[in-house]
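Have a look at the structure below, then the notes.
Please read all numbers here as calculations on a predicted model, not as lab measurements.
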Amino acid sequence: MRYEEWLKTWIENYVKPSVKERTYLRYKQLIRSHIVVKIGNTDVNDLTPVVLQLFVTELLNSGNRKTGKGLSASVANAAISLIQNSLKTAYLVGIASEYAANKIKRPKIKEKPVECFPYREQKKIENYVLNSGKDKLFGIVLCLYTGLRIGELLALTWS
């Protein structure tokens, strides 16, 4: 069976019923944009560790089809997870004769340095919020001094 055919079956019957809509759509986009165009015509049993590793290397070096530049390590890792999950299921249900995707070497994700406001700028923000008379801005000061992100702030509840 061609990998593209298996991915269609897998995404609709194994993924869609068990994940959030956003995850399903992200998987579909990864399949369409990166996986099918490169290894979709390959037979599932021909997806050896070397073939898969070459695919990952290609993603990292020139995977962006618009610019020709490499994709980020996080996008490559998402593609690897998708491939591993799909091929593991293919093996478990008897479509693939073996499971070799666990031998893919993942790229390291480079952590971005955290940038903070200089003390002077933080004091300016704090003074503006405290003197503005707008209660809904106090969350900004809370974020400045606790390290909360805006989404985490919005999720807070009184208890």
Side-chain angles (χ1 to χ4, degrees), residues 1-116 136-159:
M1 175 183 273
R2 286 184 19 240
Y3 189 40
E4 180 177 11
E5 294 170 28
W6 169 244
L7 284 172
K8 286 178 186 174
T9 301
W10 175 76
I11 194 84
E12 294 302 325
N13 298 289
Y14 293 92
V15 175
K16 189 175 184 179
S18 62
V19 299
K20 293 179 182 176
E21 180 73 11
R22 186 175 174 102
T23 302
Y24 166 74
L25 293 173
R26 177 71 177 134
Y27 273 25
K28 280 191 77 156
Q29 190 259 336
L30 278 170
I31 290 168
R32 184 180 59 254
S33 300
H34 302 294
I35 297 171
V36 167
V37 295
K38 297 292 182 183
I39 57 175
N41 283 325
T42 308
D43 188 274
V44 172
N45 288 307
D46 293 336
L47 292 170
T48 64
V50 173
V51 169
L52 295 171
Q53 195 64 53
L54 289 172
F55 169 70
V56 170
T57 302
E58 187 176 342
L59 287 179
L60 293 168
N61 292 333
S62 60
N64 187 320
R65 292 184 8 203
K66 291 179 184 174
T67 65
K69 295 182 179 179
L71 296 174
S72 69
S74 62
V75 172
N77 276 319
I80 291 169
S81 293
L82 187 152
I83 290 167
Q84 287 177 330
N85 288 337
S86 67
L87 291 177
K88 187 171 192 175
T89 304
Y91 173 70
L92 292 173
V93 299
I95 302 294
S97 58
E98 65 178 288
Y99 174 62
N102 59 337
K103 295 175 176 78
I104 299 172
K105 181 119 171 100
R106 290 178 174 271
K108 290 183 183 178
I109 295 179
K110 297 173 188 164
E111 289 188 30
K112 294 179 183 176
V114 176
E115 294 183 34
C116 298
K136 59 183 161 186
L137 295 179
F138 284 117
I140 294 171
V141 175
L142 187 61
C143 288
L144 284 173
Y145 285 98
T146 63
L148 282 173
R149 294 174 291 206
I150 297 295
E152 293 169 328
L153 173 72
L154 295 173
L156 292 177
T157 57
W158 290 103
S159 63

Find the distance between [atom1] ([X]) and [atom2] ([Y]) and round it off to the nearest 0.5 Å.
X: I35; Y: L7; atom1: CD1; atom2: CG; result: 6.5 Å
X: L25; Y: K20; atom1: CG; atom2: NZ; result: 13.5 Å
X: L54; Y: K38; atom1: CG; atom2: NZ; result: 12.0 Å
X: Q53; Y: E58; atom1: CD; atom2: CD; result: 12.5 Å
X: L82; Y: I31; atom1: CG; atom2: CD1; result: 4.5 Å
X: I140; Y: L148; atom1: CD1; atom2: CG; result: 13.0 Å

Is [Y] close to [X] at the side-chain level, that is, under 4.5 Å between some pair of heavy atoms?
X: I80; Y: P107; value: yes
X: V75; Y: L59; value: no
X: P49; Y: K105; value: no
X: L156; Y: L142; value: yes
X: V51; Y: D46; value: no
X: N85; Y: V15; value: no
X: N41; Y: E4; value: yes
X: I83; Y: V56; value: no

side-chain hydrogen bond (donor to acceptor under 3.5 Å, both in side chains) with [X]: which residues, sequence neighbours excluded?
X: T48; result: none
X: S62; result: none
X: R26; result: Q29

What are the two closest heavy atoms between [X] and [Y], and how far apart are they?
X: D43; Y: M1; result: OD2-N, 3.1 Å
X: A96; Y: V44; result: CB-CG1, 3.6 Å
X: Q84; Y: A101; result: NE2-O, 2.9 Å
X: L60; Y: A73; result: CD2-CA, 4.1 Å
X: Y14; Y: V93; result: OH-CG1, 3.5 Å
X: L47; Y: A100; result: O-CB, 4.3 Å

Which is it for Y3 and L87 under the side-chain contact (heavy atoms from CB on, under 4.5 Å) test, yes or no, and what are the steps along the way? CA-CA 9 Å; Y3 189 40; L87 291 177; 3.6 Å; yes
Could you list all the salt bridge (charged side-chain N to carboxylate O under 4.0 Å, His left out) pairs where at least one residue sits in residues 141-159, not counting sequence neighbours?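 Applying salt bridge (charged side-chain N to carboxylate O under 4.0 Å, His left out) to every pair that reaches into residues 141-159, excluding sequence neighbours, yields R149-E152.
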Go through the structure and list residues passing salt bridge (Lys or Arg N to Asp or Glu O under 4.0 Å) with R22, not counting sequence neighbours. none
Under the ring pair (Phe, Tyr, Trp, His ring centres under 6.0 Å) rule, what pairs show up with a residue in residues 21-47, not counting sequence neighbours?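 Qualifying pairs, neighbours excluded: W10-Y27.
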